[in-house]
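Residue numbers start from 1 in every chain, and the chains themselves are labelled A, B, ... in the order their sequence lines are given, proteins ahead of strands. Computed over heavy atoms, backbone and side chain alike; hydrogens, waters and symmetry mates excluded.
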Amino acid sequence: MQCQECGKRPATLHFTKIVNGEKTEFHICEACAREKGELIPGTAGGFSIHNLLSGLLDFNPGASGQTAGVKSAENLRCEKCGLTYSQFSKLGRFGCSSCYKYFNERLDPLLRRVHGNTTHVGKVPRRVGGHIHMKRKLDDLRRELQYRVLHEQFEEAAALRDQIRELEKNISAE
Amino acid sequence: MGNLQFTEQPLSDWMNRDGNESNIVISTRVRIARNLVEYPFPILATNQQSEEVLNKFEEVLNDERMKPFGKLHPIELADLDDLDKQVLVEKHLISPSLVTESRNGAAFISDDESLSIMVNEEDHLRIQCLYPGLQVKEAWDKASAVDDIFEDHVDYAFDDKRGYLTSCPTNVGTGLRASVMIHLPALALTHQIGRILSAVTQVGLAVRGIYGEGSETVGNLFQISNQITLGQSESEIIDNLYGVVVQIIEHEKAAREKLLSDSRIRIMDRIMRSYGTLSYAAVIDSKEAAQRLSDVRLGVDLGFITVPLHALNELNVMTQPGFLQKKQGGNMSPGERDIFRAKVIREHLEDNVQ
């Protein structure tokens, strides 16, 4: 099979793209593929996860009426690294960890679309996340307290209450 | 760099250990993405900043607790020639984007190649663990242990609500991507593969061919991985992937039984023809080689022929363009590669079959 780009060399790379159920096949040689930037697998130049994402990012949550007080996307800018929201939506990537803070108001709809969720429930780093461990522990204790009260186990409930107070003191002391 | 130990052998040492379900599941990979809070993500980092990031991570390698993971060799991408880079990608030891996009990109690779820590890829740090067969939990536990050591030395970008912050919003939260490489020839032959794989995408998992996104799957090898990283805990992600893969394995086994009972002679004929082609062909392109190797692998599983599985795993890597040229010792045109590929396969089968 000849390369369908140059028609000279034999085709050595075979791509199949399926877009909306429509299948297109490419048979090209290495030289043409290199030109097209499709040589190294996974970097198929034409289309990447980031292109796909920027489609999502342009999505305007205010389409059914902009929420009052929400800045328009054009004015959003990360003050730490300088990335603007519109640059972010083109790149599909954040510039630094502070971008999450500055673009926060726009992130819920995006993250819900990508993950179906907006809040982390997994691993928490030991050092940075010390207070989160305590908060999670606090939530557990409060749940248990409710259960004990409901089942009229007041002695256990009192012990839990003291534990909770102690923990709350520690957290506010930080 | 003249002699890079990681590009000499087609199979990493970790692939020679026993895995679970290792005739159908080739390997398991887990990677976690982490970033440093005080530096911009690699996409915006200056040359100096990315150098500092690399230095910080290199210091962590001296931690005593890293010892059990074996000696880690720091490799800077800038020191490698193109063929070595390509071979490392073909062995899944580094990612394609570490090769094409990174500034001061580096990898710390363990002696047995089961642990590869990438620096200045899309995120500052990517910890990757590889295991043979289906061992998702084991791979996660190891990656998480390495993660804990790094966390003791550096300040991660972490947010109470969003979790571990990553450059791409598709990784935020756990930063965890777990994947298995699975061989599904019988589901492909019985035309059930499309139905099963589309069902897989309904439960938050992604499927793609092994060598390249967007390119058609060759050799019936698929990679199944989690899509969602936010709002699920690591153990939910791991359990979900494991549970789905176990079901796919059952379907594949059932399809093999059906092939044997309904069309034993036809499937045997296909396998033996492929075996014949690989044993005697003088020219073979990579697509045909992958398909024939898949047939032979199925033939081994069904008991028609005897070829050690490790020899077939080796050939999957040895027949890739980068590895072929590395072995030959220089660049070859695609036509020359097809001839050399046929030779490599013939000789490797001869060496491994008595």
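- Here the side chain of B:N226 pairs no donor or acceptor atom with the backbone of B:I237 at under 3.5 angstrom.
- For B:F158 and A:H120, the ring centers are positioned less than 6.0 Å apart.
- In this structure, chain B has a heavy atom under 4.5 Å from the side chain of A:K80, while its backbone stays farther away.
- Contacts between B:S235 and chain A at a heavy-atom distance below 4.5 Å are absent for every atom of the residue.
- For the set B:D338, B:D159, B:D152, B:L176, the count of heavy-atom pairs under 4.5 angstrom toward chain A peaks at B:D152.
- Between the side chain of B:E234 and the backbone N or O of B:S144, no donor-acceptor pair lies under 3.5 Å.
- Relative ring orientation between A:F94 and A:F88 is described as parallel, the plane-to-plane angle staying below 30° on a 0-90° scale split at 30° and 60°.
- Note that OG1 of B:T166 and CG of B:D123 are 5.5 Å apart. Values are rounded to the nearest 0.5 Å.
- Within the 3.5 Å criterion, the main-chain N or O of A:R126 finds a donor-acceptor partner in the side chain of B:E151.
- At least one cation-pi condition fails for A:R77 and A:Y102: the charged atom is not both under 6.0 angstrom from the six-membered ring centre and inside a 45 degree cone around its axis.
- Contacts between B:S95 and chain A at a heavy-atom distance below 4.5 Å are absent for every atom of the residue.
- For a residue to count as touching a neighbouring chain, one of its non-hydrogen atoms must lie under 4.5 Å from one of that chain's; by this rule B:N35 does not touch chain A.
- Annotation: maximal heavy-atom pairing with chain B below 4.5 Å, among A:C81, A:G82, A:C96, A:G122, occurs at A:C96.
- When B:G204, B:P42, B:S233 are compared by the number of non-hydrogen pairs under 4.5 Å with chain A, B:S233 comes out ahead.
- Residue A:T118 touches chain B through both its backbone and its side chain, counting heavy-atom pairs closer than 4.5 Å.
- In this structure, the portions of B:L230 lying under 4.5 Å from any heavy atom of chain A include both its backbone and its side chain.
- Counting heavy-atom pairs closer than 4.5 Å to chain A, the top-ranked of the candidates B:T229, B:L44, B:L165 is B:L165.
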